[in-house]
Amino acid sequence: MNIDITSILKINLLVLFVIFLTSCSFIDYEKKPLDINEVHQKNKQVNFNNLDFIAYLEENNFDKENIPFKSWGIDELLITQRYFNPQLKTADLELKYIESNEKIASLRPLSSLGTKYERGDVGDPSDNFFKFDYTFTYETANKRLIRYELAFNETQLALLDKELIHWNLRSSLISNLTKYIKNQDLIQILKNKIRLQQSIVHMVKKRLDYGLVTKVDYVREKIKFNSIQKELIKHQNLQLNITKNLATLVGLSLEKFNLLAIDVKKTRDKIFSSLTTFFEKTDQGEMHSTAMLNRIDLRQKLARYAIAEAKLKLEIAKQYPDMTFTPAYIYDFGYNVWGLGIQTILKTPERNKAFIDRALLFRELEASKVMNFELEINNQVEELSLSIQKNKEHELAAKQSLASKDLIVKQLQDRFHQGQIDRMELEKEMFSLLDIDLEIHRATYASIELGAVAEGVLQNQLFPTSINYNL
């Protein structure tokens with residue numbers, strides 16, 4: 001029987017080439033250079049008046065009367081942050097990247113297909129051999145299912161990481177917004193002090209010109225005026241820095257952000273009304289239940305515990321060896337030989353125990369972290385409850401001071417109209433009463449800052465918003 005060896009080799013090579021092609025995905029590499037100048041221009045062009053963002057507002061049921069925005073309020077800032085902030089977009093990409101591991105984890109082990117030509121001096125019947133084989137692995141103990149469970153739990157952790165990034169950005173935005181409002185009110189108080197002190201300086205100057213007071217008296221009042229003016233400039237510069245932080249947190253350039261003013265009064269009243277209701281109605285037990293239900297960082301630790309459980313399952317499953325099968329066919333000019341090869345990796349009991357013990361310790365470690373953090377949350381809630389009680393006392397004292405101030409102002413104005421005191425004495429007294437305004441200012445914003453602390457401890461949206469931001 002005449003056999004063309006060259007033809008058979010060509011056929012073998014053709015078979016292997018076809019198999020190789022069918023195994024390829026044919027995904028070409030695409031170069032994507034990153035130009036920092038283009039990134040800069042893109043960031044500068046972000047605008048809250050673009051059509052895509054307007055459509056996004058309508059899809060999320062934003063108040064149509066406020067589209068497009070007329071000023072910055074808490075709703076406008078939060079929804080703009082959700083759409084434009086680049087950190088949230090990065091978090092979305094990180095989640096998709098980790099989520100892709102689920103698909104990879106569900107894949108079966110690779111198999112192989114091969115052909116071999118051998119030649120040797122073996123005598124009858126032939127010295128030419130042709131071998132075809134196929135190799136595949138059979139996984140035992142549901143390892144593929146456990147790998148998928150592990151990847152799924154890692155995806156859940158990544159989802160919680162994204163939620164926590166969103167929550168932290170929201171908290172930072174609200175914190176900077178309350179700082180802005182607090183500082184703006186303080187600037188107004190300082191402007192009132194400057195106005196009164198400037199009037200006092202003018203009156204002392206006139207008295208100095210008539211020889212009624214000494215130059216020391218004039219210089220003393222002038223120093224007070226300069227000191228208040230410096231304080232005002234310091235807080236105005238601080239306001240610029242806070243504005244820059246707000247622009248960064250919402251994902252806009254400072255130039256675009258400054259196109260709208262922050263509605264200080266409306267935002268302050270809205271926040272203070274909501275927090276007053278919370279402080280009046282809440283109790284420690286309710287706060288503890290809310291914190292246990294809402295805390296993203298607690299759920300993160302529970303997700304890490306689930307990952308530790310899956311890793312332990314995988315190590316236990318690895319005790320059972322996987323089997324690699326290799327069915328083969330050999331053609332020896334006139335003879336057909338079928339064969340089956342079986343392979344496995346042998347693991348020693350000591351090796352299995354070492355890896356399982358490590359997985360057990362890892363699970364115990366994650367469980368310990370959950371217990372420690374639960375205790376930390378309990379203490380945070382107890383501390384918050386005490387702070388709320390003290391804040392109520394502080395607010396009551398501030399209200400009493402305000403009532404006393406109103407009474408004193410009325411008495412001073414009556415005395416001035418009756419001629420018992422002159423204008424300079426009146427304005428000096430009014431100037432000293434501005435300290436009560438500062439006390440009320442501190443009490444008001446201590447409540448708002450405590451509200452921000454409470455929102456962080458409970459991770460519940462205490463600051464009022466009119467739409468659902470799906471955190």
Side-chain angles (χ1 to χ4, degrees), residues 175-247 254 257-258 261-265 267-269 272 394-395 397-449:
S175 175
N176 277 275
L177 179 60
T178 55
K179 285 178 184 177
Y180 182 94
I181 298 171
K182 175 183 179 181
N183 200 53
Q184 189 64 34
D185 284 351
L186 186 56
I187 286 172
Q188 187 57 51
I189 293 172
L190 290 172
K191 285 181 177 180
N192 292 338
K193 293 184 77 171
I194 284 178
R195 179 180 56 79
L196 287 172
Q197 186 61 27
Q198 191 173 35
S199 177
I200 292 170
V201 169
H202 287 327
M203 285 186 283
V204 172
K205 180 67 168 62
K206 287 182 180 180
R207 294 191 179 193
L208 176 64
D209 293 340
Y210 286 105
L212 299 176
V213 296
T214 65
K215 192 170 184 177
V216 173
D217 296 324
Y218 173 74
V219 171
R220 183 185 299 115
E221 299 301 334
K222 189 69 175 176
I223 289 172
K224 285 182 182 179
F225 175 80
N226 291 337
S227 176
I228 300 168
Q229 199 167 41
K230 287 179 182 178
E231 186 73 8
L232 175 62
I233 292 171
K234 183 183 79 172
H235 284 280
Q236 287 173 334
N237 289 333
L238 176 61
Q239 201 72 327
L240 292 174
N241 182 259
I242 297 172
T243 304
K244 181 264 296 178
N245 292 340
L246 286 169
L254 186 58
F257 184 83
N258 282 332
I262 296 175
D263 192 334
V264 173
K265 184 179 185 305
T267 305
R268 184 210 310 114
D269 293 346
F272 196 69
H394 192 189
E395 276 189 332
K399 288 177 181 178
Q400 291 173 347
S401 296
L402 180 60
S404 299
K405 177 198 170 185
D406 292 339
L407 180 61
I408 293 172
V409 168
K410 185 178 183 306
Q411 291 175 347
L412 287 171
Q413 289 174 341
D414 290 343
R415 292 180 65 191
F416 172 71
H417 292 310
Q418 293 169 8
Q420 296 178 10
I421 57 175
D422 59 23
R423 177 161 293 280
M424 189 171 77
E425 290 175 313
L426 172 64
E427 294 200 353
K428 281 189 172 182
E429 290 293 338
M430 296 293 288
F431 181 87
S432 64
L433 288 174
L434 286 175
D435 290 338
I436 296 178
D437 288 345
L438 289 172
E439 180 185 344
I440 295 168
H441 176 268
R442 284 191 292 269
T444 299
Y445 286 97
S447 296
I448 293 177
E449 288 165 0

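- Pairs passing the salt bridge (charged side-chain N to carboxylate O under 4.0 Å, His left out) check and including a residue from residues 192-206, sequence neighbours excluded, read K205-D209.
- With I200 as the fixed residue, the side-chain contact (heavy atoms from CB on, under 4.5 Å) test singles out one of K224, E221, K222: E221.
- Looking at S227, its side chain never comes within 3.5 Å of a backbone N or O of I223 through a donor-acceptor pair.
- Applying the side-chain hydrogen bond (donor to acceptor under 3.5 Å, both in side chains) criterion to S175, with sequence neighbours excluded, gives no partner residue.
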Review point. For D217 and T214, what are the C-alpha separation, side-chain angles and deciding distance, and is it a side-chain contact (heavy atoms from CB on, under 4.5 Å)?
Key: CA-CA 5 Å; D217 296 324; T214 65; 3.2 Å; yes
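- Under the rule for a side-chain contact (heavy atoms from CB on, under 4.5 Å), the partners of Q239 that lie at least two apart in sequence or sit in another chain are Y180, N183, Q184, I187, I242.
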Exercise for review: Decide side-chain contact (heavy atoms from CB on, under 4.5 Å) for I262 and T243; before the verdict, give the C-alpha distance in whole Å, the side-chain angles of both, and the deciding distance to 0.1 Å.
Suggested key: CA-CA 10 Å; I262 296 175; T243 304; 5.6 Å; no
Point to revise | Worked verdict on N241 versus N237 for side-chain contact (heavy atoms from CB on, under 4.5 Å) | key: CA-CA 7 Å; N241 182 259; N237 289 333; over 6 Å; no
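- Remark: Y445 pairs with D185, R268 by the side-chain hydrogen bond (donor to acceptor under 3.5 Å, both in side chains) rule, at least two apart or across chains.
- A search for salt bridge (Lys or Arg N to Asp or Glu O under 4.0 Å) contacts involving K230 returns nothing, not counting sequence neighbours.
- To the nearest 0.5 Å, the span separating NE2 on H202 from CD on Q197 amounts to 11.0 Å.
- The shortest heavy-atom contact between H235 and L190 is CD2-CD1, 3.7 Å.
- Taken from CG in L246 to CG in L254, the straight-line distance is 10.0 Å, to the nearest 0.5 Å.
- Here I448 contributes atom CD1 and T178 contributes atom OG1; the two are 7.0 Å apart, rounded to the nearest 0.5 Å.
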Practice item. Please assess K234 against E231 for the test side-chain contact (heavy atoms from CB on, under 4.5 Å), listing each intermediate value before the final yes or no. Key: CA-CA 5 Å; K234 183 183 79 172; E231 186 73 8; 3.5 Å; yes
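- Note that CD1 of I181 and OG1 of T444 are 12.0 Å apart. Values are rounded to the nearest 0.5 Å.
- In terms of the salt bridge (Lys or Arg N to Asp or Glu O under 4.0 Å) criterion, R442 has no residue partners (sequence neighbours excluded).
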